[in-house]
Trainee: 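Dumping the structure here so I can ask a few things about it.
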Amino acid sequence: MEKKELTCICCPMGCTLYVDLEGTEVMSITGNTCKRGDTYARDEVVRPVRMVTSIVKVKNGKLKMLPVKTKEPIDKSRINECLEALKTVEVNAPVHIGDIIINNAAGVDIIATRNVEAV
């Protein structure tokens, strides 16, 4: 049986979680003080995911940069692929919150997280 130790990131308590695994099956979790810790540990050891946030250039906008994020969490192993897709992106203003900036970058859409008006 494999044992993993994690620090929960779901709330400010930062509980130390201990996970017992048999292959990819979670046998037990201890150390959590709430249900969110249990859920986090199960997800983190089987399929870790993260939201990716970044910025892209804006042409003809009141701001020169636009904050963007993945529409949903992506596999942790695909973060670099997602960031690579963002390297050369440049959008034209106006841009609105929720606009899709890139379709299917590393398996997920990248969306705008701020409005940028045209100049």
Side-chain angles (χ1 to χ4, degrees):
M1 185 173 305
E2 180 183 1
K3 294 182 181 285
K4 292 198 176 222
E5 182 178 322
L6 307 167
T7 300
C8 184
I9 60 172
C10 292
C11 77
M13 290 192 58
C15 296
T16 301
L17 308 173
Y18 301 95
V19 182
D20 291 329
L21 289 165
E22 213 167 278
T24 57
E25 186 178 345
V26 176
M27 303 309 288
S28 70
I29 298 170
T30 56
N32 57 302
T33 56
C34 69
K35 179 70 177 154
R36 291 184 297 171
D38 182 86
T39 302
Y40 168 76
R42 289 178 191 282
D43 292 343
E44 186 66 12
V45 298
V46 175
R47 183 178 171 259
V49 294
R50 299 289 186 273
M51 292 295 288
V52 175
T53 60
S54 188
I55 55 175
V56 296
K57 292 179 183 177
V58 178
K59 287 196 280 188
N60 306 318
K62 289 189 175 182
L63 298 174
K64 296 194 184 298
M65 303 302 282
L66 171 71
V68 296
K69 70 173 188 163
T70 52
K71 191 172 183 177
E72 57 198 43
I74 64 170
D75 284 353
K76 196 173 168 182
S77 64
R78 298 191 77 182
I79 291 173
N80 286 338
E81 178 184 348
C82 180
L83 292 173
E84 194 65 34
L86 288 166
K87 267 184 168 179
T88 59
V89 173
E90 194 169 12
V91 297
N92 288 308
V95 181
H96 301 92
I97 293 174
D99 284 355
I100 295 175
I101 304 305
I102 303 177
N103 281 309
N104 197 21
V108 68
D109 291 341
I110 306 294
I111 60 171
T113 61
R114 182 176 181 153
N115 294 326
V116 177
E117 297 176 27
V119 283

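As the structure is a prediction and not an experimental result, all values here were calculated from the model.
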Trainee: For the atom pair CD1 (Ile9) and CG (Leu17), what is the distance rounded to the nearest 0.5 Å?
Mentor: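 Interatomic distance, Ile9 CD1 to Leu17 CG, rounded to 0.5 Å: 10.5 Å.
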Trainee: Give me each pair satisfying side-chain hydrogen bond (donor to acceptor under 3.5 Å, both in side chains) with a member in residues 105-117, each pair once, sequence neighbours excluded.
Mentor: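 Sorted result for residues 105-117: Lys62-Glu117.
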Trainee: With side chains defined as the heavy atoms from C-beta onward, is the minimum distance between Ile110 and Cys82 less than 4.5 Å?
Mentor: yes
Trainee: Enumerate donor-acceptor pairs with a distance under 3.5 Å from any side-chain N or O in residues 47-57 to protein atoms, sequence neighbours excluded.
Mentor:
| unit_1 | atom_1 | unit_2 | atom_2 | d |
| --- | --- | --- | --- | --- |
| Arg47 | NE | Asp75 | OD1 | 2.8 |
| Arg47 | NH2 | Asp75 | OD1 | 2.9 |
| Arg50 | NH1 | Glu44 | OE1 | 3.0 |
| Arg50 | NH2 | Glu44 | OE2 | 2.9 |

Trainee: Which heavy atom of Gly98 sits nearest to which heavy atom of Ile111, and what is that distance?
Mentor: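 Looking at all heavy atoms of both residues, the closest pair is O-CG2, 3.9 Å.
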Trainee: Roughly how far, to the nearest 0.5 Å, is the CG atom of Leu86 from the CD1 atom of Ile102?
Mentor: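 Going from CD1 on Ile102 over to CG on Leu86, the span is 4.5 Å.
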Trainee: For the atom pair OG1 (Thr24) and CD (Glu2), what is the distance rounded to the nearest 0.5 Å?
Mentor: 10.5 Å
Trainee: Hydrophobic clusters here meaning ILVMFWY residues chained together by side-chain heavy-atom distances under 4.5 Å, can you tell me if Val119 and Val58 are in one?
Mentor: no
Trainee: Is Tyr40 reachable from Val45 through a run of hydrophobic residues whose side-chain heavy atoms are each under 4.5 Å from the next?
Mentor: yes
Trainee: Please round to the nearest 0.5 Å and tell me the distance separating atom CD of Glu90 and atom NZ of Lys64.
Mentor: 10.5 Å
Trainee: Please give me the minimum heavy-atom distance between Gly37 and Cys8, naming the atom from each residue.
Mentor: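 So the two residues come closest at CA-SG, 3.8 Å.
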Trainee: Testing the basics here: between Val95 and Ala112, what is the closest heavy-atom pair and its distance to 0.1 Å?
Mentor: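 Of all heavy-atom pairs spanning Val95 and Ala112, the closest is CG1-CB, 3.6 Å.
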Trainee: Could you tell me the separation between the OG1 atom of Thr7 and the CE atom of Met13, rounded to the nearest 0.5 Å?
Mentor: 12.5 Å
Trainee: What's the shortest heavy-atom distance between Met1 and Asp20, and which atoms?
Mentor: SD-CB, 3.4 Å
Trainee: Is it the case that one hydrophobic cluster holds both Val89 and Ile79, taking links as side-chain heavy atoms less than 4.5 Å apart, direct or via other members?
Mentor: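 Yes, one cluster joins them.
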Trainee: So, taking the atom named OG1 in Thr70 and the one named CG in Leu83, what distance separates them when rounded to the nearest 0.5 Å?
Mentor: 9.5 Å
Trainee: If we only count heavy atoms from C-beta on, is the Asp38 to Asn32 side-chain gap below 4.5 Å?
Mentor: yes
